[in-house]
Amino acid sequence: MNSLRIRRGAIAVAAAAVLPFALAACSDSGDDDKTTSPTSAAADPTTESQEPDKDSTAMDEPFGPACAGVPKDGAGSFDGMAKDPVATAASNNPALSTLVTAVKKAGLVDTLNNAQNITVFAPTNDAFAKLPKADLDKVLADKATLTKILTYHVVGQKLAPEQMENGSFETLQKGMVTTTGSGEDYTVNDSSKVVCGNVKTANANVYIVDTVLMPK
């Protein structure tokens with residue numbers, strides 16, 4: 001009888017000793033579940049890298065004081081010009097109407113529209129107005145001279161602004177143009193200022209300038 005009591009007492013002591021460990025194990029298991037669940041809900045780190053770089057986007061936009069005069073919407077806007085080849089795009093910009101007239105007289109519309117990856121230094125109406133009227137009329141009536149002047153404004157590659165910081169480029173006329181500057185301030189041939197630069201068309205980068213370039 002005493003032996004049976006001793007045995008029962010030993011079993012009770014063992015159960016009492018084991019129970020706290022079992023409860024602790026259950027508690028630890030619950031904590032593990034709680035600590036792991038936020039990990040599964042953590043944000044995907046790749047989402048940050050998919051956001052556009054605001055600085056690079058800003059640098060790729062048109063710049064310059066004359067850009068304010070470009071229509072905000074329609075075919076003559078920056079978005080509209082980006083959809084058309086360069087001669088067509090220029091025809092939709094009111095500030096380039098004299099240039100467009102000259103391109104048509106020289107028969108260069110198809111040449112410019114069908115060219116791939118070019119840069120056009122596009123003189124404004126005010127740039128042409130700097131020329132004496134008699135000289136301008138004479139040039140517009142001389143297709144060979146007009147073609148020479150206009151093709152001197154075209155480079156056979158798309159130029160990004162940073163390429164123009166200290167550049168020298170062959171034109172379609174086979175002469176050379178030089179560019180200097182930085183940021184949003186560029187000059188062509190030391191005389192013609194870029195007044196609205198980095199304008200995109202379907203086949204060209206356009207830099208609108210304030211002075212007509214003359215081949216040497």
> Are any side-chain N or O atoms of N113 and backbone N or O atoms of N203, one a donor and one an acceptor, separated by less than 3.5 Å?
Replying inline: no
>> I'd like to know whether NZ of K158 has more than 12 heavy-atom contacts from other residues, nucleotides or ligands below 6.0 angstrom.
In response: yes
>> Quick check: is V212 connected to F169 through a chain of hydrophobic side chains (ILVMFWY, heavy atoms under 4.5 Å apart)?
In response: no
> Considering the options T211, D185, D210, which one meets the side-chain hydrogen bond (donor to acceptor under 3.5 Å, both in side chains) requirement together with K193?
Replying inline: D185
> How far apart are the closest heavy atoms of M176 and E170, and which atoms are they?
Replying inline: SD-CA, 3.5 Å
> Quick one: do F78 and V120 end up in the same hydrophobic cluster if we chain Ile, Leu, Val, Met, Phe, Trp and Tyr together by side-chain heavy atoms under 4.5 Å apart?
Replying inline: yes
> Does any N or O in the side chain of Y152 come within less than 3.5 Å of the main-chain N or O of T147, such that one atom is a donor and the other an acceptor?
Replying inline: no
>> Test your reading of the model: is there a side-chain donor-acceptor pair from Y207 to the backbone of Y186, 3.5 Å cut-off?
In response: no
> In terms of hydrophobic clustering (I, L, V, M, F, W, Y; side-chain heavy atoms under 4.5 Å; direct or indirect links), are L96 and L140 co-clustered?
Replying inline: yes
> Does some side-chain heavy atom of T201 sit less than 4.5 Å from a side-chain heavy atom of P85?
Replying inline: no
> Is there a side chain to side chain contact (heavy atoms under 4.5 Å, CB included) between E61 and N198 once you walk through the steps?
Replying inline: CA-CA 7 Å; E61 294 295 319; N198 205 30; 6.0 Å; no
>> Is it true that D190 and T178 share a donor-acceptor pair across their side chains at a distance under 3.5 Å?
In response: no
> Would L150 and L146 count as a side chain to side chain contact (heavy atoms under 4.5 Å, CB included) if you check the C-alpha gap in whole Å, the side-chain angles of each, and the deciding distance to 0.1 Å?
Replying inline: CA-CA 6 Å; L150 293 177; L146 185 59; 3.9 Å; yes
>> Do L99 and H153 have side chains that approach each other closer than 4.5 Å (heavy atoms only, starting at C-beta)?
In response: no
> Any link between V194 and V70 through a network of hydrophobic side chains (Ile, Leu, Val, Met, Phe, Trp, Tyr) touching at under 4.5 Å?
Replying inline: no
> Is a side-chain donor or acceptor of D142 paired with a backbone partner of K138 at a separation under 3.5 angstrom?
Replying inline: no
>> Applying the side chain to side chain contact (heavy atoms under 4.5 Å, CB included) criterion to T119, which one of N205, T179, V177, T171 satisfies it?
In response: N205
>> Restricting to non-hydrogen atoms, name the atom on A87 and the atom on V109 that form the minimum distance, rounded to 0.1 Å.
In response: CB-O, 3.9 Å
> Would you say the side-chain atoms of D73 pair up with the backbone N or O of D79, donor to acceptor, closer than 3.5 Å?
Replying inline: no
>> Could you check whether any side-chain N or O of N93 sits under 3.5 Å from a backbone N or O of A95, counting only pairs where one atom can act as donor and the other as acceptor?
In response: yes
> Would you call K200 and D60 a side-chain contact if the rule is heavy atoms closer than 4.5 Å?
Replying inline: yes
>> Taking V199 as the starting point, is it possible to reach F121 by hopping between hydrophobic residues whose side chains are less than 4.5 Å apart?
In response: no
> Heavy atoms, side chains only, cut-off 4.5 Å: are N92 and M81 in contact?
Replying inline: no
> Are S97 and N125 side-chain neighbours, meaning at least one heavy-atom pair lies under 4.5 Å?
Replying inline: yes
> Taking atom CE of M214 and atom OG of S192, what is their separation to the nearest 0.5 Å?
Replying inline: 11.0 Å
> Is any NZ, NE, NH1 or NH2 atom of the basic residue among K133 and D137 found under 4.0 Å from an Asp or Glu carboxylate oxygen of the other?
Replying inline: yes
